[in-house]
Each structure stands twice: as C-alpha cells, then as structure tokens.
Colleague: 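Okay, here's the structure, questions in a sec.
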Protein chains: 2
Amino acid sequence: MQVPEKNANALGNEYRRPKIEQVHTMSKPETRIQQRNRAAILSAGLEIFSQYGLRGSTLDQIAESAGLSKPNLLYYFRSKDAIYTALLERLLDTWLDPLEKMDPNGDPIQEILAYVHRKLAMSKDYPRESRLFANEILQGAPHIADHLSQDLRQLVDEKAVVIKEWEAAGKIAPVDPYHLVFSIWAMTQHYADFDVQVRAVLGETDPFDGAMTYLDTLFRRMLTPKADV
Amino acid sequence: MQVPEKNANALGNEYRRPKIEQVHTMSKPETRIQQRNRAAILSAGLEIFSQYGLRGSTLDQIAESAGLSKPNLLYYFRSKDAIYTALLERLLDTWLDPLEKMDPNGDPIQEILAYVHRKLAMSKDYPRESRLFANEILQGAPHIADHLSQDLRQLVDEKAVVIKEWEAAGKIAPVDPYHLVFSIWAMTQHYADFDVQVRAVLGETDPFDGAMTYLDTLFRRMLTPKADV
DNA sequence: TCATGATTTGACCATATGGTCAAACTGACG
DNA sequence: CGTCAGTTTGACCATATGGTCAAATCATGA
C-alpha cells in the first residue's frame, strides 16, 4: 500500500504519488500501529508547528517529539508539508464548530454570549491550535485560502443573516454582524495567541477569569436593545 | 537551532567584533551611504520578516529586496538576528505611542475612542509592522519578553489607573481596565494580522470603513455610563 | 592627484535540513 | 514454524542557508 509505490514513476515530480493518502482513499483499514503513530506525529506536529511555524519547525524536532525516527515520520506522511496540511484540515472543522452551534432559535443575546464562551474556552483549552491557525493566517493563509473564502465565508454569511434577523426583531441592538463576528474572534483568540503579552501585563493574575467577565459585560452592554424601542 | 534557543540571545552579542555597532556606539557619524543602506535593509527586513517570520526569512531574500549583496548586508548588520532585533526595537516605541498619547485630562470616552482610532489607523497604515509584532508574540516573544514585562506593563498599569479614575468619577461605566486595553489591541490589530481572513469573508467590501464604525459603536455603548447614575 | 578609509563582492565554508533507499526487523496468522 | 505485509532505521544525498574573508572598488578630503 504505502511501500508498493514503485518509485519508477520518474515522471514529473509535480505531484507525488501519495504513499499513505491511499490508505485513506483506497479503503484499507488503518492498523493499530498506524493509528498510534499518526496520532503521535500529529500531536508532535501541533506542538512544534504552533511554536515555530511551518518553516521554523524541522522534521527532526517533530520526530523527536513524536518519539520516532525521521525516516519513520516520512513513512507515515509524505513530507513536512503533509503533516502541516493534515493538521490544518483537521483543525478547520474544530474551528468552525462553535459558530455553527449558534442556534437561530435560541435567545439572541444568550446565543451570542454562549458562542463567545465557547470560543474563549477554546483559546484556553487549545492554545496550540489557536496559534497554529493564527500563524497560518498571518503568513497569508497559503494552505487554506480556499477554505476561508468557501466554507468560512459561507458559514459567516449564514450567521450574519441570523443576526440581522435578531436585530430586525428588536432582540438585539443594531450592529454590523460581520464585524461582530470578527470582534468575537479577535478578542477570544487574543488570549491564546498573545498569551505572553497578556501575562506580561497581568503578572500572576489569571487572564481567563477576568476575560470571561469582561467579554460578558462588553457584549451584553453592546447588544442589549435600548429600553425605549 | 530554534528549539535549543540557547543563552538568551540578547547576551550572545558580546563576543563578536561589532563592525558597525561601534559606528553607533563610538559616536562616529553615519555616512550618507550608511544611512541609505541601513534604511534599505530595515525596510527590506520588515517586508520579508513580516511575511515569513524570523526563521522563515532568508538573508538572500532580504538582500535582494534591499538591492544589496548578502555580504554587503552583513557589513551593515552583524547577523540576520541583528536586523530582526533592530526592527523590533524600533517598532516598540511606535507601538506604545498611541496608548501613551491617551490624555488623562481629556474627555474619557473621547480619549478612549481616539485611542481606538489611532490603533486602527496603525493597522491600516502599517500592517507589516503589526504582523511582525504579532509573529514575535506568537512565538513567545523571545526577543522582547523583557520589554513586555517592563515598559509595556508599566505603561498599561499607568493607564489602568487613569481609566479607573474615570470610572470612579462616573465618566465611564465600570470595566476592567486591563481587559479593556486588551480588547482594543485585539480588535484593532485583528484587521492587520488576520487581514486575509477578514477579506475572505467580506469579499470586496473594505474592512476598515465598517471596522471604525463598528468599534466606535461598540465602545460607546459599553462605556457610556447608565443615565440614572 | 593621491592616500585612506569606507564599501562592495565573488568565492568559499560549515552546518542544517528535507528527503531517499535498501536493508533489517516485527508481528500476526495460517 | 514460516511467511509476508507492514514497520523501522542507519547511511546517505542535494540543497539551502547563515556567515566569513581577502581582494577589489569607490568616495572624499587634503
């Protein structure tokens, strides 16, 4: 499966024959070892990539962190890039999930606050994922540009409609729904991505306690419709 | 090499024969050529580093962007790191400036909004600087950790007091001043650092117009004290 | 014009790094 | 036990990259 690649395909190296990808595509079940090692590699990749970025990370680092040899890594993933890409793709779902969960039929302010809550929890519980993502976007999102203008955009468009409906129903004060979403992303992810800076300023104080309170207050005040309307 | 991150790289500068540093330190005036080339190098460095990060950028890239040969680069800066560090240090002042300008004697809400405005303008006009900074923080701020817990922290502490006084005077609604500052950083810098994402979602629409309106509304609603107080 | 220091560069080096490969090893199963 | 797909690795390679250096070129002021 992955070995029988017959490197004889000395044709263009444009697109290499995926050794492993076929395991997925061609419906061969993963062995226990494969599962374990792939998981270990992705975990190690997350750790390293989130810290040093794609170009700043080396296969040796990842290999060591995964407890495997470098050639062994490349037995499971065709290249460094493949590990990175696999991570990003897996991450994207996780990333959109909290927004997807926002329920059009729930109480508007509660729904938005719950979304903020979920996002902040992600920053707290998955800071490496957040940083990996941030790094990718910072570099111009070369690996996920499509996803952004497809899936992400579509989802946000969809939720923007919902928010506008809430506004029309007088359930929340008027706001630009897109910038509302941006501000939620910005403020919640800030606590993961800029963690060192936040902690440098706050000292010993834990950022997340105060953050939740603050964000709650912020969005409540901004979104609560004026009483007289 | 990047993991080992041996001795605090700030210290490692001692043992080398600084060709250029002496020009600075030893009070020798800069020649016109020096000024021009140093400026070109810093400009090129900003361009490249902000796009690929420290490790992701190469001297050759910077050299080409600066229109100089690689050895010539190293005639003006002792190392790649030296260029990066020089950039960061120059950037720090610029970065703190908008907050410093916040006037304790001005009208509270106006002052805060003006600060937001200045920060957003910086994201718009100096996105490369913003990204360079973001990248450094994301990596754990290895080159400016000190500055953060010194200068930055002190400045924020100082302004936090001012904000608390405004609050005590009933000029603004109660808020945690630290998280208020964080939220301003987060939301304004988001438009520079996550530019691709924002644009992927907004399509053709210019982000900054809507952003200013939105942020203005947001902070006004959050900070305006309740009428009945 | 010439001397002298500043500037520039081609050639070069050591190391790091992504990736390859053939050979060796392992484990599950008939 | 034997087999063979699946797994692992030591040795190796090509290239990229940060950095050095001696020699050449240039600029400027006496």
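Convention: sequence-line order gives letters A, B, ...; per-chain numbering from 1. Every value quoted in this text rests on a predicted model; they were computed, and no experiment measured them.
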Colleague: When the distance from CD of A/Gln61 to C1' of C/dG18 is rounded to whole Å, what number comes out?
Modeller: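 One finds 13 Å between C1' of C/dG18 and CD of A/Gln61, rounded.
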Colleague: Report the distance from atom CG of A/Asp60 to atom C1' of C/dT15, rounded to the nearest whole Å.
Modeller: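 Distance, rounded to whole Å: 13 Å.
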Colleague: Within this structure, what is the CD1-to-C1' distance between B/Ile33 and C/dT8, rounded to whole angstrom?
Modeller: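 Rounded to the whole Å, the gap is 10 Å.
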Colleague: Go through B/Asn37 and B/Tyr76 one step at a time and tell me if the side chain to side chain donor-acceptor pair (under 3.5 Å) criterion holds.
Modeller: CA-CA 8 Å; B/Asn37 285 348; B/Tyr76 289 101; 3.0 Å; yes
Colleague: Determine the minimum heavy-atom distance between A/Leu152 and B/Val201, stating which atoms define it.
Modeller: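 Taking A/Leu152 first and B/Val201 second, the nearest heavy atoms are CD2-CG2, 3.9 Å.
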Colleague: Check the distance between C/dA6's C1' and B/Arg38's CZ and give it to me in whole angstrom.
Modeller: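 Distance, rounded to whole Å: 14 Å.
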Colleague: Counting heavy atoms from C-beta on, name the nucleotide in C/dG19, D/dT7, C/dT7 closest to the side chain of B/Gln34.
Modeller: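 Of the candidates, C/dT7 comes closest.
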Colleague: Give every donor-acceptor pair under 3.5 Å between a side-chain atom in residues 155-162 of chain B and any protein atom, sequence neighbours left out.
Modeller:
| residue | atom | partner | partner atom | Å |
| --- | --- | --- | --- | --- |
| B/Asp157 | OD1 | B/Tyr178 | OH | 2.5 |
| B/Lys159 | NZ | B/Glu100 | O | 3.3 |
| B/Lys159 | NZ | B/Met102 | O | 2.8 |

Colleague: Nearest to the side chain of B/Tyr75 - D/dG19, C/dG19, C/dT8?
Modeller: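 Within the option list, the nearest is C/dT8.
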Colleague: Determine whether A/Lys101 and A/Tyr115 make a side-chain contact, defined as any pair of heavy atoms from C-beta on separated by less than 4.5 Å.
Modeller: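 No, their side chains stay 4.5 Å or more apart.
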Colleague: Looking only at non-hydrogen atoms, find the nearest pair between B/Leu91 and B/Phe133 and report the distance.
Modeller: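 Taking B/Leu91 first and B/Phe133 second, the nearest heavy atoms are CD2-CB, 4.0 Å.
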Colleague: Mapping A/Arg55 and A/Asn72 to their closest nucleotides on DNA chain D, which lands nearer the 5' end?
Modeller: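 It is A/Asn72, whose closest nucleotide lies nearer the 5' terminus.
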Colleague: Roughly how many Å is it from NZ in B/Lys80 to C1' in C/dA16, rounded to a whole number?
Modeller: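 Going from NZ in B/Lys80 over to C1' in C/dA16 covers 12 Å.
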Colleague: In whole angstrom, give the distance that lies between atom OH of B/Tyr84 and atom P of D/dG18.
Modeller: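 From B/Tyr84 OH to D/dG18 P: 14 Å.
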Colleague: Can you check side chain to side chain donor-acceptor pair (under 3.5 Å) on A/Asp216 and A/His117, steps first, answer last?
Modeller: CA-CA 8 Å; A/Asp216 199 274; A/His117 197 277; over 6 Å; no
Colleague: Take the protein atom CG of A/Leu74 and the nucleotide atom P of D/dT7, then report the distance between them rounded to whole Å.
Modeller: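 Atom CG in A/Leu74 sits about 15 Å away from atom P in D/dT7.
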Colleague: May I ask you to check whether A/Trp185 and B/Phe194 place their ring centers less than 6.0 Å from one another?
Modeller: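 Distance test on ring centres: not under 6.0 Å, no.
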Colleague: Calculate the interatomic distance between B/Gln35 atom CD and C/dA6 atom P; express it in whole Å.
Modeller: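 It is 16 Å, rounded to the nearest whole Å.
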Colleague: Could you check which of D/dG18, C/dG19, C/dT8 has an atom nearest any side-chain atom of B/Leu59?
Modeller: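 Output: D/dG18.
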Colleague: So if I take residues 64-71 of chain A and measure heavy-atom distances to DNA chain D, which residues fall below 4.0 Å?
Modeller: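 Listed by number, they are A/Ser69, A/Pro71.
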